[in-house]
Structure formats: C-alpha cells, structure tokens
Amino acid sequence: GASAIAGEWADPASALAKAADSQHGVAICRMLRAFGADLPWLDDAAVPTPHEEPVEVEGGDLSVDLSARCEKEGVPLESLGSVLAESVLKECATWWALSSKDLRIECKSKDLPTDDYVEKGDFVRLLRQVRVWEVMTFDTLQAECLKLGIPVAFDFATKETLEDALRQHHGFPTKGEAHTRVECEARGIPVSKVGPEQAKEILGTARQLEASKVAELKEVYKRWGL
C-alpha cells in the first residue's frame with residue numbers, strides 16, 4: 001500500500017535515495033518532501049551542487065558552445081581538437097550521471113587515488129585527466145611533458161611512456177603498474193603487503209601455473225610438497 005511505499009522511501013538505501021545523486025533526482029525528492037513525504041536522508045546542506053549541462057540554442061554557434069563546454073569541464077580543446085574534445089565531454093557527462101560510490105569504483109578500476117576525495121567533481125576530474133592523456137596524440141603528449149618540465153628520453157619515447165611520465169608526475173601509478181595491480185587483486189595477491197615488485201613476481205608465477213597443463217601442475221604440487 002501507500003504506507004509501505006512511504007516507509008520504503010524513508011530508507012537511506014532505497015532507490016529514491018540513490019536517485020538523489022543526480023540533479024533531476026534531487027528536484028523530484030524535494031518535490032515529494034514538499035508534498036509531505038518523509039525523506040530524513042535528504043539534507044539540503046549536503047546536496048551537491050548539480051552539474052549543469054549546457055543548453056544549445058537553436059541556430060547558435062556550435063564552435064562557441066563547444067569552447068564554452070570544454071572550458072567549463074576542463075577539457076583542453078586546443079590540444080585535442082573538436083572531435084576528441086567532444087568525445088571526452090560525452091564521457092564526462094556519463095561520469096556525472098554516476099553516483100559517488102560508482103565513481104569511486106570506476107577510479108579504483110583505473111588505479112587512481114580516491115582516499116582523499118569524497119565529492120563527485122573530484123572523481124570526475126581524475127577520470128577526465130587520465131582520459132585526456134589517453135586520447136592525446138604523441139606530439140601533444142610530448143608538448144605537455146615539455147611544458148611541465150618532465151624529463152623524458154623523447155628520442156626513444158613511445159606514446160605509452162609519455163602517458164606514464166604524465167601519470168607519475170601527477171602521482172598516479174603508471175598504466176603497466178595499474179594493470180598489474182588489477183590482475184593481482186583478481187588473483188588474491190596482496191600488493192599492499194608484499195610490495196609492487198614482489199607482487200609482480202608472484203603474478204608472473206601465477207600466470208605460468210595458469211598456462212600449465214594438469215600433468216605439469218601435478219609435478220609442481222609434488223615438488224612443493226602439496
């Protein structure tokens with residue numbers, strides 16, 4: 001009945017509470033509360049400032065609109081060009097639609113630091129920065145490294161090494177380290193306890209075992225006394 005639904009709405013873990021992470025969700029929740037709904041978890045002071053998407057005016061200058069959106073979102077239009085910039089903006093819009101919890105998970109999947117952040121804007125900024133580096137051309141990455149004074153052997157550098165140089169400069173693990181960490185966690189290897197180097201060695205051994213035949217694994221078990 002209606003009372004059961006109302007009681008469900010009051011639960012901070014309800015679908016309605018989760019919907020309050022978005023701009024439209026907050027508006028709906030406030031309207032329901034205005035009509036008498038009991039939403040104890042809806043705190044106006046704690047509601048994040050909504051991320052407003054720009055509204056394109058019919059017949060307006062699309063290049064000006066793109067420039068304004070890039071400036072607002074922190075996307076380097078000059079470095080990326082209109083096509084790549086638009087692509088990053090679309091991804092940013094997708095991230096803004098996620099909850100803070102989901103954004104934290106997304107950041108962790110890319111091995112980005114999340115402990116010091118709680119706001120959606122912080123998580124989106126991390127994801128956006130890494131994505132910008134990923135879509136940059138080799139020449140643009142090189143120019144970015146030079147601008148920041150990052151020492152790189154440019155004569156032998158690849159796009160991936162330039163990306164890693166920028167990630168390290170900003171305190172992020174390199175892409176290789178991030179991938180290794182994800183693989184270790186999937187196999188139950190405690191990177192934080194054994195350290196990245198030893199974890200990498202254990203991962204290598206695990207990969208060899210996974211690629212072995214059953215007969216070979218039995219021999220390994222015997223040698224290890226298992």
Side-chain angles (χ1 to χ4, degrees), residues 21-23 48-54 56 62-154 156-186 191-192 196 199-200:
D21 281 332
S22 69
Q23 177 185 358
T49 302
H51 177 77
E52 298 178 358
E53 292 296 330
E56 293 187 17
L62 294 180
S63 63
V64 173
D65 176 70
L66 178 59
S67 177
R69 286 189 291 144
C70 285
E71 184 176 355
K72 183 175 182 178
E73 196 64 71
V75 176
L77 177 57
E78 287 189 14
S79 298
L80 299 184
S82 59
V83 175
L84 290 176
E86 188 68 61
S87 172
V88 175
L89 285 172
K90 287 180 180 178
E91 292 187 79
C92 288
T94 300
W95 293 325
W96 280 113
L98 298 177
S99 66
S100 295
K101 179 181 178 181
D102 288 337
L103 284 169
R104 187 184 294 274
I105 293 172
E106 185 73 13
C107 286
K108 285 186 175 181
S109 73
K110 298 181 182 298
D111 212 24
L112 298 175
T114 61
D115 293 343
D116 296 332
Y117 304 112
V118 294
E119 299 294 335
K120 289 178 69 170
D122 293 325
F123 298 131
V124 173
R125 177 179 57 80
L126 293 174
L127 292 166
R128 181 190 63 233
Q129 181 60 81
V130 170
R131 186 57 184 152
V132 165
W133 292 334
E134 288 175 347
V135 301
M136 276 183 169
T137 64
F138 177 88
D139 291 340
T140 309
L141 286 169
Q142 190 176 51
E144 187 72 10
C145 288
L146 287 170
K147 183 177 73 174
L148 295 173
I150 300 174
V152 177
F154 294 110
F156 306 98
T158 63
K159 186 176 184 297
E160 188 174 73
T161 58
L162 294 178
E163 280 185 56
D164 282 344
L166 285 164
R167 288 177 68 104
Q168 286 183 313
H169 179 77
H170 288 271
F172 304 157
T174 63
K175 292 180 73 174
E177 289 175 350
H179 184 67
T180 298
R181 185 179 295 272
V182 170
E183 285 201 66
C184 285
E185 289 179 353
V191 181
S192 59
K200 194 173 182 180

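Each side chain to side chain donor-acceptor pair (under 3.5 Å) pair with one or both residues in residues 76-85, not counting sequence neighbours, would appear here, but there are none.
Considering only residues two or more places apart in sequence or on other chains, Lys90 meets the salt bridge (charged side-chain N to carboxylate O under 4.0 Å, His left out) condition with none of them. For Glu71, there are no side chain to side chain donor-acceptor pair (under 3.5 Å) partners two or more places apart in sequence or in a different chain. With sequence neighbours excluded, the residues that form a side-chain contact (heavy atoms from CB on, under 4.5 Å) with Thr114 are Arg104, Cys107, Lys108, Phe123. Residues meeting the ring pair (Phe, Tyr, Trp, His ring centres under 6.0 Å) test with His170, sequence neighbours left out: Trp133. Residues forming a side chain to side chain donor-acceptor pair (under 3.5 Å) with Glu106 (at least two apart in sequence, or on another chain): none. With sequence neighbours excluded, the residues that form a side chain to side chain donor-acceptor pair (under 3.5 Å) with Asp102 are Ser99. Arg131 is linked by a salt bridge (charged side-chain N to carboxylate O under 4.0 Å, His left out) to Glu91, Glu134, counting only residues two or more places apart in sequence or in another chain.
We find that Arg167 and Glu163 are not joined by a salt bridge, their nearest charged nitrogen and carboxylate oxygen being 4.0 Å or further apart.
Atom NZ of Lys159 and atom OG1 of Thr137 lie 8.0 Å apart (nearest 0.5 Å). Atoms SG and CG, on Cys92 and Leu127 in that order, are 8.5 Å from each other to the nearest 0.5 Å. From Asp164, atom CG reaches atom CZ of Phe172 across 12.5 Å, with rounding to the nearest 0.5 Å. The distance from the NE2 atom of His169 to the CG atom of Leu148 is 4.5 Å, given to the nearest 0.5 Å. Residue Asp139 holds its CG atom at 9.5 Å from CG of Leu162, rounded to the nearest 0.5 Å. Ile150 contributes atom CD1, which lies 7.5 Å from atom CD of Glu144 (distance to the nearest 0.5 angstrom).
The shortest side-chain heavy-atom distance between Leu84 and Val132 does not fall under the 4.5 Å cut-off. Leu66 places a side-chain heavy atom less than 4.5 Å from the side chain of Arg69. Two residues are said to be in side-chain contact when any heavy atoms from C-beta on lie closer than 4.5 Å; Trp95 and Arg128 meet this criterion.
Between Val124 and Trp96 the shortest heavy-atom distance is CG1-NE1, 3.8 Å. In terms of heavy atoms, Val118 sits closest to Ser100 at O-OG, 4.0 Å. Of all heavy-atom pairs between Ala85 and Leu77, the closest is CB-CD1, 3.6 Å.
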Exercise for review: Could you walk me through whether Leu126 and Leu103 pass side chain to side chain contact (heavy atoms under 4.5 Å, CB included), step by step?
Suggested key: CA-CA 10 Å; Leu126 293 174; Leu103 284 169; over 6 Å; no
